[in-house]
Amino acid sequence: QVESMVQEIVDQWGGLDILINNAGGAQPSKGTVDSSPPTMMDPQEFLQLLQLNVVSVHIVTSAVLRLAMTQDGGAGGPGGHI
């Protein structure tokens, strides 16, 4: 899904110059911001929290970096910066 999203952006706009990877939240199963602290969560809820706040950011960032490294001036291109 993420790879196809990145490809759709490239197809429509000709490339991708910036990523603002803004993900975050509290316990997804509860849907509230003022949920219990991690020490009070059961392990499954904590894993869901990690999926939302850490793993999803890694997945999207990795997909965009693979693209950026192929673009002229991107992460792997001449003079590129991350």
Side-chain angles (χ1 to χ4, degrees):
Q1 294 173 343
V2 173
E3 296 289 339
S4 64
M5 174 194 70
V6 171
Q7 187 58 52
E8 187 175 326
I9 292 167
V10 171
D11 292 345
Q12 183 169 347
W13 300 100
L16 182 60
D17 296 325
I18 188 169
L19 170 66
I20 299 173
N21 206 341
N22 186 19
Q27 296 178 46
S29 62
K30 304 234 187 294
T32 62
V33 174
D34 56 292
S35 299
S36 303
T39 55
M40 302 300 290
M41 291 181 202
D42 69 50
Q44 186 60 38
E45 286 179 321
F46 186 69
L47 286 173
Q48 289 176 335
L49 188 66
L50 287 175
Q51 287 277 65
L52 173 65
N53 292 308
V54 178
V55 176
S56 63
V57 171
H58 170 73
I59 291 169
V60 174
T61 301
S62 295
V64 171
L65 282 176
R66 282 191 291 278
L67 168 68
M69 291 174 11
T70 67
Q71 294 183 153
D72 185 32
H81 302 284
I82 296 177

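Here the CG-CD distance, from Leu16 to Glu8, works out to 12.5 Å after rounding to the nearest 0.5 Å. Distance check, rounded to the nearest 0.5 Å: CG of Asp42 to CD of Gln48 gives 8.0 Å.
Applying side-chain contact (heavy atoms from CB on, under 4.5 Å) to Asn21 and the options Val64, Ile59, Thr61 leaves one that passes, Thr61. With Gln51 as the partner, the side-chain contact (heavy atoms from CB on, under 4.5 Å) test is satisfied by one option alone out of Leu49, Val55, Val54: Val55.
Looking at every heavy atom in both residues, Val2 comes nearest to Ala63 through CG1-CB, 3.6 Å. Of all heavy-atom pairs between Leu67 and Thr70, the closest is O-OG1, 2.6 Å.
For the side-chain hydrogen bond (donor to acceptor under 3.5 Å, both in side chains) test, residues two or more places apart in sequence or in another chain that qualify with Asp11 are Gln7. Listed by chain and residue number, nothing satisfies the side-chain hydrogen bond (donor to acceptor under 3.5 Å, both in side chains) test with Ser56 (two or more places apart in sequence, or in another chain).
Listed by first then second residue, pairs satisfying salt bridge (charged side-chain N to carboxylate O under 4.0 Å, His left out) with a partner in residues 47-70 read Glu3-Arg66, not counting sequence neighbours.
In the hydrophobic clustering of this structure, Leu19 does not group with Leu65; members are Ile, Leu, Val, Met, Phe, Trp, Tyr whose side-chain heavy atoms approach within less than 4.5 Å, directly or through other members.
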